[in-house]
S.K.: 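Pasting in a structure now, in structure tokens, and then I'll have a few things to ask.
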Number of protein chains: 4
Amino acid sequence: MGAVKTKRMPRAVREQQMLDAAVRTFGQRGYMAASMDEIAELAGVSKPLVYLYLNSKEDLFTACIRREAAALTEAVRAGVRPGLPADRQLWDGVQAFFAHTAERPDGWSVLHLQARTHGEPFAAEVAAMRAEIVAFVTRLVAVAAREAHRDPDLPEDEVAGLAEALVGAAESLATWANATPGVTARQAALTLMNFAWAGLGDLMQGRVWTPPAEPV
Amino acid sequence: MGAVKTKRMPRAVREQQMLDAAVRTFGQRGYMAASMDEIAELAGVSKPLVYLYLNSKEDLFTACIRREAAALTEAVRAGVRPGLPADRQLWDGVQAFFAHTAERPDGWSVLHLQARTHGEPFAAEVAAMRAEIVAFVTRLVAVAAREAHRDPDLPEDEVAGLAEALVGAAESLATWANATPGVTARQAALTLMNFAWAGLGDLMQGRVWTPPAEPV
Amino acid sequence: MGAVKTKRMPRAVREQQMLDAAVRTFGQRGYMAASMDEIAELAGVSKPLVYLYLNSKEDLFTACIRREAAALTEAVRAGVRPGLPADRQLWDGVQAFFAHTAERPDGWSVLHLQARTHGEPFAAEVAAMRAEIVAFVTRLVAVAAREAHRDPDLPEDEVAGLAEALVGAAESLATWANATPGVTARQAALTLMNFAWAGLGDLMQGRVWTPPAEPV
Amino acid sequence: MGAVKTKRMPRAVREQQMLDAAVRTFGQRGYMAASMDEIAELAGVSKPLVYLYLNSKEDLFTACIRREAAALTEAVRAGVRPGLPADRQLWDGVQAFFAHTAERPDGWSVLHLQARTHGEPFAAEVAAMRAEIVAFVTRLVAVAAREAHRDPDLPEDEVAGLAEALVGAAESLATWANATPGVTARQAALTLMNFAWAGLGDLMQGRVWTPPAEPV
DNA sequence: AATGAATGAGAGTTCATTCAT
DNA sequence: CATGAATGAACTCTCATTCAT
């Protein structure tokens, strides 16, 4: 069932195989339910070799998180061309995001579900990546607001909250799209933009939603 | 630290104590990391009693999920008065949602984080509740669209995607608010409405966001 | 091979059985070579029960050391009657010591061989016991010196060195006697006294041994 | 921290480096706790080379014991000049013994502590060396007795017991001196002679210690 | 209604040891 | 002469679960 047993590979290659197996196992079973035995078997090596190269279950998990986080941010970065208008950049980034999470569902599960449910050290790793993405979105929203000639700048913390909500919605949609057969990455991206862009646009125009009046 | 040891209580009461302890433990440690020992001690009873009343760890977890899901939907339902306008109903429901998740962070963790990371049987329980809420939101959006005199009804699946996105954003914000000191339930609710309502409004007017043209 | 399997015993009894098995195993195999599996089997219980009652291998070993140290000091104390002359007390104590170490060779091995070769925490336990015994011997030697009308008191540190040597010789002889078939406790005790007492007597008289002159 | 990595050395030299590393590691950690990894690293070679030259952990340990035993007996032999009087020879031998054990504490630990706590094959190696030393001391005592014109020879087994006690005391003192900062080899030697010689002298005069009369 | 006593099964981890080069 | 790559077997420890009272 595991990978074909190929003997005597250089360390770097074996390590990647192990990380592949680990991401898959952690992503599907969860951190605690995943056993090192299963990972080793899936990687086609013996358990001691996993320990020799990656030290411990914690370290292995951390390595998975780092690799997947790097791959995800890199995918988004690669999808965006800095010279274009802000809405275009956002749209490209969103597409790249959903394409990547659809392509690597286990990696996404590791990042979004597993890492955040198993203690500070792991959550912190993801938080760093998330912060990068939120900052990227925040910058885009600010630029877009300026492009829309909005004069008094949006208050910073409001922008932050919105970026947070946008990223949160994206994360939820990614998980939902992976779990729902028939939903493509492009559809998820369109849904998100439809849902979010007008709200952002309104805000950028200064139109703020206010709670309906209390009824008698 | 556990509950005060009071002997000989009626079964119904003991069961609630156990569920309290279980929700707290599962919410904080996660399903796998939580041990029946810890739960029993926190509940102030012996382990065999937990098994006598709740059969197994799986059953106990399922019972937690059901209780918390029921409490959450009930809280939302109780916050909404059916006669009022759709936007009002949505606002009230959203507020009730965030108030409840803020009040019972461990319950929310069980529903949103733990149950969805540990296999079908548990995920299905939550999915049922979620479906209920999504349906509720979908209904509201449809009603609002009619109230806005939108003639050709919104295509159903588009509405579904939007409700999904709205609920997803709400879930993310709830988790974020619980993890971020200083963010109140009301702030979370306002952020969500600001973010979402205008997008929904646009859609209801037939204004759809379209991807920017490809650059040459 | 293990103890007869008797079910459902009160905790205190089981604990003693476990300590019996542990002392025997540690004494014969050494701390590291002894496996918890073997100890559990010899005690006639399952491994988890050993851990439930005694926490860890380290704690189990410490418990063994403490029990054996207490038993040994108690045996020596019980053998000595405080009112009698110093030489008599020493003789009685020495006899009790060898009798006890001969009766419990594994306990003696745990104290003298194993505990001292496996790190500070364990060595310290034994050092405490040893200090008690050395102090006891030191007191006796001082009293004997006074009884022998030796006027200028023996320098304290010289007495300490001698007590150390005496106890060291006793320890060596105990191990030797246990390992040499045909050597009884009484013979070991006589050998020690023959070997040591006259030297001590000389010292108490002020006769000190001096190195022979360097030859040309 | 390990030895400087020098490549391509003749086998004999490499072997000594390995033994150095092994003695140090075994002496400090104990036989079981010492790992072949650590020894190889400390020796500055790869593990397979250790196996190539020394076959197994057991064989390596045996080699350590043999080398250290040979070094110790050789040191004692070299310290003694056969022509001199018996007491002089003993004094010289004792001094050489303490000087050597102080100079090589790890070697002494291997011989006295580790080898005797890990099964017959190893204990036997040390027993052989010990027998040699005991025999040497026995011979000296016998000679001294003759020199002291003691007519009816000392019974052989009594002499053996005494030699045993003397060697045992020496061993204890050596370990104690190594573990106690501020105690020099010479002090240890003096303490031993003070403690032992008079007792031996008494015996050689036919004066034997007898147990005090039983009290009423 | 409630529990002290007990365990089978499996987790993560480490070690002495060997190929293939 | 020397080693990077690899493993079988064993270890300590934990957990969900049950029996006898």
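All chains are named by letter (A, B, ...) in the order of the sequence lines, taking the proteins before the strands, and each is independently numbered beginning at 1. Just so you know, these numbers use all the heavy atoms, side chains as well, and skip hydrogens, waters and symmetry mates.
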S.K.: Quick check on DNA chain F: between Ala33(B) and Met32(C), whose nearest nucleotide comes earlier from the 5' end?
M.R.: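 By nearest-heavy-atom nucleotide position, the 5'-most residue is Met32(C).
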S.K.: Can you name the nearest heavy-atom pair linking Ala21(A) to Ile39(A), along with the distance?
M.R.: CB-O, 3.6 Å
S.K.: Side chain of Ser46(B): nearest nucleotide among dA16(F), dA2(F), dT3(E)?
M.R.: dT3(E)
S.K.: Using only heavy-atom distances, decide whether a donor-acceptor pair under 3.5 angstrom links the side-chain of Lys47(D) to the base of dT3(F).
M.R.: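 No such pair is found, so the answer is no.
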S.K.: Roughly how many Å is it from CZ in Phe26(D) to C1' in dA16(E), rounded to a whole number?
M.R.: 11 Å
S.K.: So with a 6.0 Å cut-off around CZ of Arg29(C), is the heavy-atom count from everything else above 12?
M.R.: no
S.K.: May I have the distance from Met36(A) (atom CE) to dA9(F) (atom C1'), rounded to whole angstrom?
M.R.: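 In whole Å, dA9(F) C1' and Met36(A) CE are 17 Å from each other.
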S.K.: Searching all strands shown, indicate the nucleotide that pairs with dA1(E) (Watson-Crick or G-U wobble; both distances under 3.5 Å).
M.R.: none
S.K.: So does Arg14(B) get a side-chain nitrogen or oxygen closer than 4.0 Å to the phosphate oxygens (OP1/OP2) of dA2(E)?
M.R.: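 Affirmative; the distance criterion is met.
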S.K.: Pick base, sugar-phosphate or nothing for Ala34(B), based on heavy-atom distances below 4.0 Å to the nucleic acid.
M.R.: sugar-phosphate
S.K.: Rounded to the nearest angstrom, tell me the gap between atom CG in Asp59(C) and atom C1' in dC13(F).
M.R.: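 It works out to 13 Å between those atoms.
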S.K.: Could you grab the distance from atom CD of Glu68(A) to atom NE2 of His112(A), nearest 0.5 Å is fine?
M.R.: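 Spacing of CD (Glu68(A)) from NE2 (His112(A)) equals 15.0 Å.
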S.K.: With a 4.5 Å cut-off on side-chain heavy atoms, are Leu113(C) and His118(D) touching?
M.R.: no
S.K.: Find the partner of dA16(E): check Watson-Crick (N1-N3 plus N6-O4 or O6-N4) and G-U wobble (N1-O2, O6-N3) distances, both under 3.5 Å, and reply none if neither fits.
M.R.: dT7(F)
S.K.: Can you tell me how far C1' of dT14(E) sits from CD1 of Ile39(D), to the nearest Å?
M.R.: 15 Å
S.K.: Write down the distance between CG (Leu60(C)) and P (dC11(F)), rounded to a whole number of angstrom.
M.R.: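 Spelled out: CG on Leu60(C) to P on dC11(F) is 15 Å.
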S.K.: Does Lys57(D) make a side-chain donor-acceptor contact with the base of dT17(E), cut-off 3.5 Å?
M.R.: no
S.K.: Give the rounded distance in Å between these two atoms: CE of Met9(C) and C1' of dC19(F).
M.R.: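 Distance check: Met9(C) CE to dC19(F) C1' gives 17 Å.
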S.K.: To the nearest 0.5 angstrom, please state how far the CG atom of Asp106(B) sits from the CZ atom of Phe26(B).
M.R.: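 Separation between the atoms: 12.0 Å.
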S.K.: Whole angstrom is fine here: how far is it from CZ in Arg29(B) over to C1' in dC15(F)?
M.R.: 15 Å
S.K.: Would a 4.5 Å heavy-atom cut-off, applied to side chains only, mark Phe122(A) and Gln114(A) as touching?
M.R.: no
S.K.: Should Arg66(B) and Thr62(B) be marked as a side chain to side chain contact (heavy atoms under 4.5 Å, CB included) after you check the CA-CA gap, both sets of side-chain angles, and the distance that decides it?
M.R.: CA-CA 6 Å; Arg66(B) 288 204 179 130; Thr62(B) 304; 3.8 Å; yes
S.K.: My understanding is that a pair needs two contacts under 3.5 Å, Watson-Crick or G-U wobble. By that rule, which nucleotide pairs with dT21(E)?
M.R.: dA2(F)
S.K.: I need the residues from residues 48-56 of chain B with at least one non-hydrogen atom less than 4.0 Å from DNA chain E; give them sorted by number, or say none.
M.R.: Pro48(B), Leu49(B), Tyr53(B)
S.K.: Take Ser35(A) and Arg11(B), find for each the nucleotide of DNA chain E with the closest heavy atom, and name the residue whose nucleotide sits nearer the 5' end.
M.R.: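 The residue mapped nearer the 5' terminus is Arg11(B).
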S.K.: Between atom CZ in Phe61(C) and atom C1' in dT12(F), what is the gap in whole Å?
M.R.: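 After rounding, the reported distance stands at 16 Å.
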S.K.: Looking at Tyr31(D), does the NZ or CZ of Lys57(D) lie under 6.0 angstrom from its six-membered ring centre and within 45 degrees of the ring axis?
M.R.: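 The answer is yes; both the distance and angle limits are met.
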S.K.: Kindly indicate whether the side chain of Arg8(C) and the base of dC19(F) share any N or O donor-acceptor pair separated by less than 3.5 Å?
M.R.: yes
